[in-house]
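What follows is a set of notes on a single structure, which appears directly below.
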Amino acid sequence: MQIRHFLQFKDCSPQEIDYLFRRAAIIKQKFKRYEPYYPLQDRTLVMIFEKASTRTRLSFEAGMHQLGGSAIYLNTRDSQLGRGEPVEDAAQVISRMCDIVMIRTFEQDIIERFAKSSRVPVINGLTNEYHPCQVLADIFTYIEHRGSIQGKTVAWVGDANNMSHSWLQAAALLDFKLHVSTPPGYALNQAMFTPNELAHLSVFTDPMQACQGADLVTTDVWTSMGYEAENETRLQAFADWQVDTEMMQVAQPNALFMHCLPAHRGEEVSAEVIDGPQSVVWDEAENRLHVQKALMEFLLCGYVDWREHG
């Protein structure tokens, strides 16, 4: 079987993404029923972290164990990767000793170079440019609560970071609209995207307009990892981009609120919203576990049932 990687959301076709959602639902049901399911018995996941993590490490490590495999944690501070070993060399060695690799790092170029030299599938656990596993979980959560996301409107309010990039790739693949509103100077870099992706994007200077009629309103911290030196400047620049009750009121009456966490109440989101009835952030966090289990199963086993293909 050809080695498949998941480095960006668009590395999968719409049909494959749909399959992953269906598999995630089945795998989640097994988990809730305490039904043993070990398709990855004797398989090993290596998790390489250059950026700190709570949800990513826990969801991948627990997920691999629950599928019957084992997981090994590597921090670049404690390995030769942190001492200047070429990424390509590390990929050659690591991929000969395991079955699948997840990397959480800074530049997308690092994970792309690693994947080119890897003999096993590589998953993007987060880079500066993309966070595809999180958006996979977010859309799965939307489907659980509201059904298909096709034709819907997602409002992204705040920093045009890796999450917004993956949301736009997802919008083009799954045919929904993305409204983006950022402060001046923090706009989405449209040069990163194809004309088809940009056709699903609408940019608003006013966050209230971005939320108008939205089916889902989502945001992230104002200062992502690696940009801590800009924190005070960003707090001032983003002051009017807090998702609050007023923004949620102009969205659809049954609109959902999401946040990939960790959240700062009183900054990018008000406590009333994230702890309110429209918030599904805890389901969203849990679903990282289930969609990533489906993803690892797919990358290692392909379609487990041909009847679910297509």
Side-chain angles (χ1 to χ4, degrees), residues 1-47 56 59-71 95-96 98-103 111-112 114-116 118-125 130-145 147-150 166-167 169-176 196 283-284 286-310:
M1 186 175 68
Q2 180 185 2
I3 297 172
R4 293 290 304 274
H5 303 298
F6 190 62
L7 309 183
Q8 302 182 36
F9 205 92
K10 64 182 181 182
D11 282 343
C12 288
S13 69
Q15 294 76 20
E16 289 169 336
I17 295 293
D18 181 64
Y19 169 82
L20 287 175
F21 291 148
R22 285 185 280 136
R23 285 302 300 165
I26 291 168
I27 290 170
K28 183 174 182 177
Q29 289 167 8
K30 292 179 184 293
F31 176 80
K32 297 297 184 182
R33 294 194 299 260
Y34 296 95
E35 180 181 330
Y37 180 57
Y38 303 136
L40 303 186
Q41 191 168 5
D42 294 328
R43 302 292 186 98
T44 301
L45 164 71
V46 167
M47 306 179 298
T56 297
S59 57
F60 271 105
E61 190 163 342
M64 194 61 178
H65 284 297
Q66 290 165 18
L67 293 178
S70 58
S95 66
R96 285 170 179 259
C98 67
D99 301 284
I100 189 167
V101 177
M102 186 281 298
I103 302 177
I111 199 168
E112 299 278 355
F114 190 103
K116 285 180 181 178
S118 175
R119 296 156 62 108
V120 301
V122 178
I123 297 173
N124 182 351
Y130 302 107
H131 199 358
C133 288
Q134 181 66 58
V135 172
L136 201 64
D138 292 358
I139 297 173
F140 177 68
T141 305
Y142 183 87
I143 292 169
E144 279 191 322
H145 284 267
S148 174
I149 199 169
Q150 184 177 17
S166 288
W167 268 113
Q169 288 191 345
L173 269 180
L174 303 179
D175 191 25
F176 60 88
N196 179 51
D283 291 342
E284 178 189 3
E286 178 192 340
N287 282 335
R288 285 287 299 278
L289 172 69
H290 307 302
V291 298
Q292 288 165 188
K293 286 162 74 173
L295 177 63
M296 289 189 290
E297 178 194 64
F298 176 65
L299 293 176
L300 287 173
C301 304
Y303 292 98
V304 300
D305 187 336
W306 66 267
R307 289 169 297 182
E308 295 174 0
H309 184 186

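When the ring-ring contact (aromatic ring centres under 6.0 Å, His included) test is applied to H290, the partners found at least two apart in sequence or on another chain are F31.
The heavy-atom pair separating S166 from V135 by the smallest distance is CB-CG2, 3.6 Å. Among all heavy-atom pairs drawn from V122 and A115, the shortest one is CG2-CA, 4.0 Å. Closest of all the heavy-atom pairs between F9 and Q169 is N-OE1, 3.1 Å. Nearest heavy-atom pair, I111 versus I123, reported as atom, atom and distance to 0.1 Å: CD1-O, 3.7 Å. Between S118 and I3, the closest heavy-atom pair is O-CD1, 4.1 Å. Here the closest non-hydrogen pair linking F60 and C133 is CZ-SG, 4.0 Å.
You'll find the side chain of Y38 stays beyond 4.5 Å of the side chain of L67, heavy atoms only. Using a 4.5 Å heavy-atom threshold, the side chains of R43 and I100 count as separate. Contact check for L174 versus F21: side-chain heavy atoms found under the 4.5 Å cut-off. Within the 4.5 Å cutoff, no side-chain heavy atoms of L299 are placed close to those of V120. With contacts defined as side-chain heavy-atom distances shorter than 4.5 Å, the pair L300/P121 qualifies. Considering only heavy atoms from C-beta on, E16 stays 4.5 Å or farther from F6 through its side chain. Counting heavy atoms from C-beta on, the side chains of V304 and Y19 come closer than 4.5 Å.
Between the CG atom in L45 and the CE atom in M102 there is a gap of 6.5 Å [rounded to 0.5 Å]. Atom CG of L289 sits about 5.0 Å away from atom NZ of K293, to the nearest 0.5 Å. Annotation: the span from I139 atom CD1 to D18 atom CG amounts to 11.5 Å, rounded to 0.5 Å. Distance check, rounded to the nearest 0.5 Å: OG of S13 to CG of L173 gives 8.0 Å. For the atom pair C98 SG and M47 CE, the distance stands at 11.5 Å (nearest 0.5 Å).
Residue pairs meeting the salt bridge (Lys or Arg N to Asp or Glu O under 4.0 Å) criterion with at least one partner in residues 24-35, sequence neighbours excluded, are K28-E144, K30-E35, K32-E286, R33-E35.
Among H131, E61, Q292, R288, the single residue meeting the side-chain hydrogen bond (donor to acceptor under 3.5 Å, both in side chains) criterion with T56 is R288.
Side chain of S95 to backbone of R119: a donor-acceptor contact under 3.5 angstrom is found. The backbone N or O of Q8 sits less than 3.5 Å from a side-chain atom of D11, completing a donor-acceptor pair. Although no hydrogens or angles enter the test, the distance criterion places a donor-acceptor pair under 3.5 Å between the side chain of D99 and the main chain of T44.
Aromatic ring orientation, Y303 versus F298: perpendicular (interplanar angle above 60°, classes split at 30° and 60°).
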Could you go through the side chain to side chain contact (heavy atoms under 4.5 Å, CB included) check for E284 and Q134 one step at a time?
-> CA-CA 9 Å; E284 178 189 3; Q134 181 66 58; 3.6 Å; yes

Tell me, with the steps shown, if L20 and L295 meet side chain to side chain contact (heavy atoms under 4.5 Å, CB included).
-> CA-CA 6 Å; L20 287 175; L295 177 63; 4.1 Å; yes

